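Have a look at the structure below before the remarks.
Not measured: the values here are computed from a predicted model.
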Amino acid sequence: MLRRVPRSLLTGDAPDVAPLLLNKLLVHGDCLGRIVEVEAYREDDPASHTFRGETPRNAVMFGPAGHLYVYFTYGMHYCSNVVTGPEGRGAAVLLRAVDPMSGVEVMRERRHDRPGLADGPAKLCQAFAIGPEHNGADLCRGSGIGLFDDGTPPPDGPLVGPRIGISKAVDVPWRFRVPVV
DNA sequence: GGAACGATCTGC
DNA sequence: CAGATCGTTCCC
């Protein structure tokens with residue numbers, strides 16, 4: 001039984017919301033997977049795209065919670081975030097890794113049989129076919145991309161550590177991961 | 001107008 | 001461990 005993740009779960013502070021997204025399900029078409037690693041980014045956070053204020057690129061992060069913020073980086077990759085917090089705040093949770101559950105065959109094709117289907121922020125976008133056309137998509141409503149709950153609670157003791165691939169606020173421990181069983 | 005720099009991934 | 005590759009942002 002799948003229930004949609006309610007927007008109310010996402011309106012809190014990004015570092016608080018991030019661990020709650022662990023074990024939730026990301027669904028796009030026939031592709032479904034469990035979120036196992038995330039990172040929180042906040043407006044007052046030097047590592048966040050919103051640190052220097054609102055721009056056309058990061059506008060979605062300042063919008064209402066529960067929408068998808070998709071950005072392009074390194075000239076070739078897309079990464080996706082769940083917008084959190086009250087409207088106007090500029091915060092989000094980066095989806096870093098997903099455990100594929102359905103649609104594995106399509107994901108393999110989209111990944112061109114390379115190792116690691118969705119164990120990286122850009123890899124999961126490729127596997128789930130998430131692109132710029134999904135920037136701003138509502139994850140709590142509609143028939144496109146969505147966040148769902150299958151009753152599996154977030155882990156009691158998530159792994160917590162510093163975020164990866166950033167050059168500012170390197171020591172802030174806002175990366176959360178589902179412990180390996 | 002120009003330059004620097006990525007919330008990454010891959011292949012060597 | 002360095003290269004790929006280009007949009008965004010910032011500085012002159």
Side-chain angles (χ1 to χ4, degrees), chain A residues 10 12-22 24 26 28 31 33-85 88-100 103-104 106-137 139 145 147 158-178:
Chain A
L10 309 170
D13 201 19
D16 298 330
V17 172
L20 302 179
L21 283 174
L22 295 177
K24 293 291 183 288
L26 177 67
H28 186 209
C31 293
R34 193 176 298 284
I35 297 170
V36 295
E37 186 173 343
V38 296
E39 286 177 358
Y41 288 87
R42 238 171 41 169
E43 192 174 350
D44 61 348
D45 166 15
S48 175
H49 289 168
T50 53
F51 185 59
R52 292 168 193 281
E54 183 170 346
T55 66
R57 176 215 203 187
N58 64 26
V60 172
M61 278 184 75
F62 287 89
H67 291 249
L68 195 67
Y69 166 53
V70 180
Y71 69 89
F72 182 65
T73 190
Y74 291 106
M76 61 186 87
H77 299 299
Y78 291 98
C79 296
S80 55
N81 304 250
V82 177
V83 174
T84 63
R89 284 279 64 192
V93 173
L94 171 71
L95 301 178
R96 277 206 74 88
V98 168
D99 267 0
V104 172
V106 196
M107 297 190 204
R108 257 198 282 270
E109 287 173 24
R110 293 187 183 132
R111 289 280 303 135
H112 304 291
D113 287 318
R114 292 192 194 88
L117 281 188
D119 58 345
K123 293 189 203 177
L124 78 84
C125 280
Q126 192 180 6
F128 279 78
I130 296 173
E133 68 273 25
H134 300 108
N135 189 36
L139 299 167
I145 298 188
L147 280 177
L159 300 181
V160 182
R163 296 170 293 182
I164 293 179
I166 55 175
S167 58
K168 302 152 207 151
V170 173
D171 294 324
V172 177
W174 285 348
R175 181 163 60 99
F176 305 89
R177 200 164 115 188
V178 174

| Hey, where on DNA chain B does chain A first and last touch, going 5' to 3'? Cut-off is any atom under 4.0 Å from a heavy atom. | B:dG6 to B:dG11
| said: Test your reading of the model: is there a side-chain donor-acceptor pair from A:Asn135 to the backbone of A:Pro132, 3.5 Å cut-off? | reply: no
| Sugar-phosphate, base or nothing in reach of A:Ala47, heavy atoms under 4.0 Å | base
| remark: Nearest heavy-atom contact between A:Ala92 and A:Asn81 is CB-CB, 3.7 Å
| query | Under a 3.5 Å cut-off for both distances, is C:dT5 Watson-Crick or wobble paired, and to whom? | reply | none
| request: Treat primed atoms plus P, OP1 and OP2 as sugar-phosphate and everything else as base, then score nucleotides 2-12 of chain C 5' to 3': B for base contact with protein heavy atoms under 4.0 Å, S for sugar-phosphate contact only, - for none. | output: --BBBSSSS--
| said: When you compare the side chain of A:Trp174 with that of A:Leu94, does any pair of heavy atoms fall below 4.5 Å? | reply: no
| query | NA contact type, A:Arg111, heavy-atom cut-off 4.0 Å: base, sugar-phosphate, or nothing? | reply | sugar-phosphate
| task | For A:Ile166, report the nucleic acid contact type (base, sugar-phosphate, nothing); a contact means any heavy atom under 4.0 Å. | result | sugar-phosphate
| request: Scan every strand shown for a Watson-Crick or G-U wobble partner of B:dA7, both distances under 3.5 Å, and answer none if you come up empty. | output: none
| task | Would you name the heavy atoms of A:Met76 and A:Phe72 that are closest together and state the gap between them? | result | N-CZ, 3.3 Å
| request: Could you check whether the rings of A:His49 and A:Tyr69 sit parallel, tilted or perpendicular, using 30° and 60° as the cut-offs? | output: perpendicular
| Above 12 or not: heavy atoms from other molecules or residues under 6.0 Å from CZ of A:Arg57? | yes
